[in-house]
Amino acid sequence: MPGADKEADLTERIEAFLADLKRGGCGTGPIRGSGETARETTALLRKVTAQARWSSAGDLMEIIRKEGRRMTAAQPSETTVGNMVLRVLKIIREEYARSRGSSEETDQQESLHKLQHFVHLKANVIEAINELLTELDGTTDNIAMQALEHIHSNEVIMTVGRSRTVEAFLKDAARKRKFHVIVAECAPFCQGHEMATNLSKASIETTVIADAAIFAVMSRVNKVIIGTQTVLANGGLRAVNGTHTVALAARHHSTPLIVCAPMFKLSPQFPNEEDTFHKFVSPHEVLPFTEGEILSKVNVHCPVFDYVPPELITLFISNIGGNAPSYIYRLMSELYHPEDHDL
Amino acid sequence: MSSRGGKQKKGNVTSEQEEEEQPLQAVLVADSFNRRFFPISKDQPRALLPLGNVAMIDYTLEFLTSTGVQETFVFCCWMSNKIKDHLLKSKWCRPTSPNVVHIITSDLYRSLGDVLRDVDAKNLVRNDFILVYGDVVSNIDVSQALQEHRHRRKVDKNISVMTMVFKESSPGHKSRCEEDDVIVAMDSKSKRFSMGTDEFEIRHDLLDCHISICSPQVAELFTDNFDYQTRNDFVRGILVNEEILGNQIHLYVTQDGYGARVSNLQMYDSVSSDMVRRWVYPLTPEANFTDQQGQGCTHSRHNVYRGAEVSLGHGSQMEENVLIGRDTSIGANCHISNSVIGNNCTIGDNVVLDRAHMWNNVHISSNVEIHQSVVCDGAVVKEAVHLNKQCVLAYNVVIGPNLSLPDGTVVSMHHPEEEEEDDDDEFLSDDQEVGHSKDKTRQKAFNPAEVGPEGKGYIWKASMNDTEDEELAQCLWGLVLNPDPESDSESEASEESQDRTFQLEVLGTLQRGLEENIVCDNLVLEINSLKYAYNITLKEVMQILTRVVLEYPFQQQGTQLTTLQYTGSLLPLLKTWSPVFKNYIKRAQDHLDCLSAVEELFLEQDTHQTAMVKVLMKMYQLEILEEEAILKWFSTGATNDKSRQLRKNQGKQRMSLQRKESEEDESSEEGE
């Protein structure tokens, strides 16, 4: 039966996606960026909406919530998955409200009206999710378009590690302006090396420095532009480790710290959830396994992320423009519904 | 499924594309064919033993799946039903699993060789496959090795038969199994085992991960050589026949990634602690990669993992590297570090756990201390028990209150004697019924001195059937080197006993020679063959021969001989056997050795020391010994008082000897 086949197909895709999340991209294949994850999540949710059996908006939301819980449990530190689920839930609410009338609905009780609008609801939701996907595709370009306003000629810009958004941002500015970039290599994963190679291919003058030299070099820097993994609800960041160092050094020298982050990275989480905030990977990067005897006497940790408090940040640049960290709460209320914050 | 999109490529399908599209296969051997985990593995097969509260076979399957294997054949022998049940309930047998698992069971497998012969007979593998054991824990990305292997086979037309995956790790690392320690000679450029090329390196820093990428020829080679039992046999066979058959084995050495095989309890301990300290990322406890309900746990600082519904008493500390399963309750003032605790356990107050491995449903009462031990499902440890290092409590054992178990104790509900009787049927008595009926017939009483007043269980000694004088004692925790003074003397004794036997044989030969009038050449032949049989050096042969001859009169006529009688019977014998002596005493060193043997004998035979001169005289006359040698021996310092005395006694006779020699010379000169 085609129906059963489709369902099996859907389950298989979800399982494969979960397995991939759990492995953290450590198996075969390249490490996935957050944009990719966001797009895949949204595509999966669209498929679920299209193929799952539901008869009312409440049902659909329950199904999406269930899948969302499974996906966030697979890799708690990957917040873009949860963010996309919340966006889709907000979309469903909006579409439902629009089809019911102009006023906001306060209760979700079943009623005859829903059955009538069911067909339209499904089509509207899927169309809105498609719009979301287009928005996701265009985020990097939207951010890069704002580059010329922020980067001026003969400036020295510092960045940390590798961020695809920041790379596009700088490449766009380099088309019209000449400036110098200093990249902190960001041990132990040393992704700064790759960033520097890519920037120099775009004929930007690049220097790579070790993390220990960040404070020493900061006095010569005009601006610091960084990317991040997540923007938290209080305006703080969960970024790659080493970012807090850069932020403190920038604050000391009163250098502006600009964060380029698309809207899908905005998460309703606060930074006080100890257990799920951090991600520890294999200590191999810090102290190689070949070291031998010393390993049994020493505890080695390799955390991936860092917390940067909102006071250290000057400006957020996202696909909808530039905002101060204190404005994040407003953006959140526009993107997500308060009842959805706990999946 | 999108991963099997092989149907898209039509038209110019070259053989390369066909090879790539074929699903990657793996052969997983879920039986280790040895009894390193007895008596634990008597109740549960080794592949299902929990490591970090997850069965070991799950780690292996996850490793294979993340490498991209799409078809796995699991071969089980011992307790195959349990393994089958476990796999059917797991996520590997769901229809949505990317890795299709086939379970093949048979009671007839006795070794890895049998499994591979079956693989060949059933024609299961079409292409290169990955061969692993069911207790391998790894996160190595083998796809690079696989690519290299395939490339080599294409380039060299199927000469490379196998690629073995090794991990760089310095010697003495605690995750290196001492039994598996290997020194590898490899050609640096082409990374294959060899010693014959120009540039080869010898490496001792490699850890064998027991992961091999095999070509389909491997199965055929096992069928051809039906005496290959283990992988080592195979490797040896290939290397020995390299020139004839032209097959080669290559290596893949990886620095990143973790791979180890849990081959004994020592490895179990280190792999478990590595897993808790996240060396095997992403196969970590909180990831719940087996997708079981309720198996998830939270990861806190210092690698402390807590399952759901864990309750911790007041004042208890989980110091570091601790994994606690769900529904476990821990009492007050406990101190836990470097331990793994299973689900549904109850732990009392004031308990100290250090490097303890506890499986499910264990009940531990108060005031207990456990160090570096394994406590299996359902065991009960009562108050004030102290488990020292390397103890093992098997399933359902009860250890009574107020007891301290010494290092290395193994307690099991199965009586060790039951084990010896089962010896013949050890693998065939797979059915649990057989084991149970035997239990009922012999319910021996538990010894309260061993397991405590309320205890239940029998103490197991280490494997008793092995050879007697082994310096490496095989205990459950791996090979232990015993620097035993007794064992040294034992090895000496064994050498001495060989000499003794040789001596008796030589005596027998000489006797027969006398009785049957055998020609001396034949006697020499006989003694030579005995020399090869007993592996005696030439020098020793000569000394023993001297000894035997000189003792011969005592042998024949008893020890109560006067010196005169002794010399009377000895001197003719010397004459008879002088050709035999001359055969063995040729160089100057031989003369001295013979003299020292003579000296030794006469030192023992105090009463007959005066006979020594006559003996030496006779030997000189018979031209067995040269005068220079005798004089040299006389002038070398004596080693102890007795021999000094001996020489003093001989001193006067020495003079007479010299005079006699000079007389002879003169007479011979005058004669001319």
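Chain letters run A, B, ... following the sequence lines, proteins first, then strands; residues in each count from 1.
A:V300 has its side chain out of reach of B:R277: every pair of non-hydrogen atoms, C-beta onward, lies at least 4.5 Å apart. At a threshold of 4.5 Å between non-hydrogen side-chain atoms, the residues A:H284 and B:D256 count as touching. Between B:T284 and A:F280 there is no side-chain heavy-atom pair separated by less than 4.5 Å.
Distance NZ/A:K279 to NE2/B:H299: 13.0 Å, rounded to 0.5 Å. Between the NE2 atom in A:H278 and the CZ atom in B:R301 there is a gap of 8.0 Å [rounded to 0.5 Å]. Between the OG atom in B:S273 and the CG atom in A:L295 there is a gap of 10.0 Å [rounded to 0.5 Å].
Heavy atoms of other residues, nucleotides or ligands lying less than 6.0 angstrom from CD of B:E319 number more than 12. When the shell of 6.0 Å around CG of B:L88 is examined, it contains more than 12 heavy atoms from other residues, nucleotides or ligands.
For A:L10, no part lies under 4.5 angstrom from a heavy atom of chain B. If you measure heavy-atom distances from B:S300 to chain A, the contacts under 4.5 Å come from both the backbone and the side chain. Using a 4.5 Å cut-off between heavy atoms, B:N321 touches chain A through its side chain atoms alone. For chain A, no part of B:E286 is nearby; none of its heavy atoms comes within less than 4.5 Å.
The minimum heavy-atom distance between B:W279 and A:S282, with the atom names listed, is O-OG, 3.5 Å. In this structure, A:K22 and B:D291 approach most closely via the heavy-atom pair NZ-OD1, 3.2 Å.
Using a cut-off of 4.0 Å between Lys/Arg side-chain N and Asp/Glu carboxylate O, A:E15 and B:K91 are scored as not salt-bridged.
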